[in-house]
Amino acid sequence: MGIHKYSSGESGSIGLGQVGSAVLDSGESAVSINIAVAITMLEDTTFTTLTQSSAAITGTGTSTHGNSIINTDVFPAGVTIYGRWNAVTVNAGLCIIYLG
């Protein structure tokens, strides 16, 4: 789904997790997803894979904005990151991904 396909009301619902969510812990993946739009860390979390939808979004691939994420980068519990990822694999920890 394209980023510009949603009305302003629908976009707000997406940001609130209305399209769905999944809880992932150590070693679990979400690879057959349209897009993950936000990830909230429920425990300190590291990622093996954060496949971004474009190089303009930070992930484990090449990024045009900042450094790529590696599996030793720790995201503390309580932090939410926003972006557009096609695949997510947790290295260690626990998080909830919100689909958009």
Side-chain angles (χ1 to χ4, degrees):
M1 294 185 183
I3 192 169
H4 303 288
K5 187 173 184 172
Y6 303 105
S7 70
S8 59
E10 290 169 329
S11 295
S13 293
I14 289 169
L16 297 172
Q18 297 298 311
V19 177
S21 62
V23 174
L24 303 176
D25 63 8
S26 299
E28 289 189 318
S29 298
V31 294
S32 297
I33 58 176
N34 285 333
I35 295 288
V37 294
I39 304 170
T40 299
M41 310 320 144
L42 303 176
E43 296 176 355
D44 290 357
T45 303
T46 59
F47 295 95
T48 305
T49 305
L50 277 175
T51 304
Q52 61 268 43
S53 62
S54 82
I57 298 165
T58 301
T60 53
T62 302
S63 175
T64 56
H65 299 287
N67 298 323
S68 294
I69 295 168
I70 58 174
N71 65 359
T72 56
D73 291 333
V74 178
F75 293 85
V79 166
T80 299
I81 58 175
Y82 299 91
R84 292 179 58 80
W85 300 280
N86 297 320
V88 178
T89 302
V90 174
N91 181 49
L94 179 68
C95 67
I96 184 167
I97 62 171
Y98 297 94
L99 306 176

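Everything numeric in this text was worked out from a predicted model, so none of it was measured.
When all heavy atoms of I97 and A36 are compared, the closest pair comes out as CB-CB, 4.4 Å. The two atoms that bring D44 and A77 nearest to each other are OD1-N, 2.9 Å, heavy atoms only. Scanning both residues, G83 and I57, for their nearest heavy atoms gives CA-CG2, 4.1 Å.
Without hydrogens or angle criteria, S68 side chain to G61 main chain gives a donor-acceptor distance under 3.5 Å. Listed for the S53 side chain is no donor-acceptor partner under 3.5 Å among the backbone atoms of N86. No donor-acceptor pair closer than 3.5 Å links the side chain of T40 to the backbone N or O of I96. Side chain of T89 to main chain of S29: no donor-acceptor pair is present (N/O by atom type, distance under 3.5 Å, no hydrogens or angles). Between the N71 side chain and the F47 main chain, no donor and acceptor come within less than 3.5 Å of each other.
T58 contributes atom OG1, which lies 8.5 Å from atom CH2 of W85 (distance to the nearest 0.5 angstrom). Here the CD1-CD1 distance, from I69 to I81, works out to 5.5 Å after rounding to the nearest 0.5 Å. To the nearest 0.5 Å, atom CD of residue Q52 and atom CD1 of residue I35 are 11.0 Å apart.
For the side-chain contact (heavy atoms from CB on, under 4.5 Å) with T45, the lone residue among V90, N91, D73, V74 that qualifies is V90. Residue V88 is tested with T51, T60, I39, T48 for a side-chain contact (heavy atoms from CB on, under 4.5 Å); the sole match is I39.
V79 and I70 sit in two unconnected hydrophobic clusters of ILVMFWY residues. Membership requires side-chain heavy atoms under 4.5 Å apart, directly or through other members.
With contacts defined as side-chain heavy-atom distances shorter than 4.5 Å, the pair L42/C95 does not qualify.
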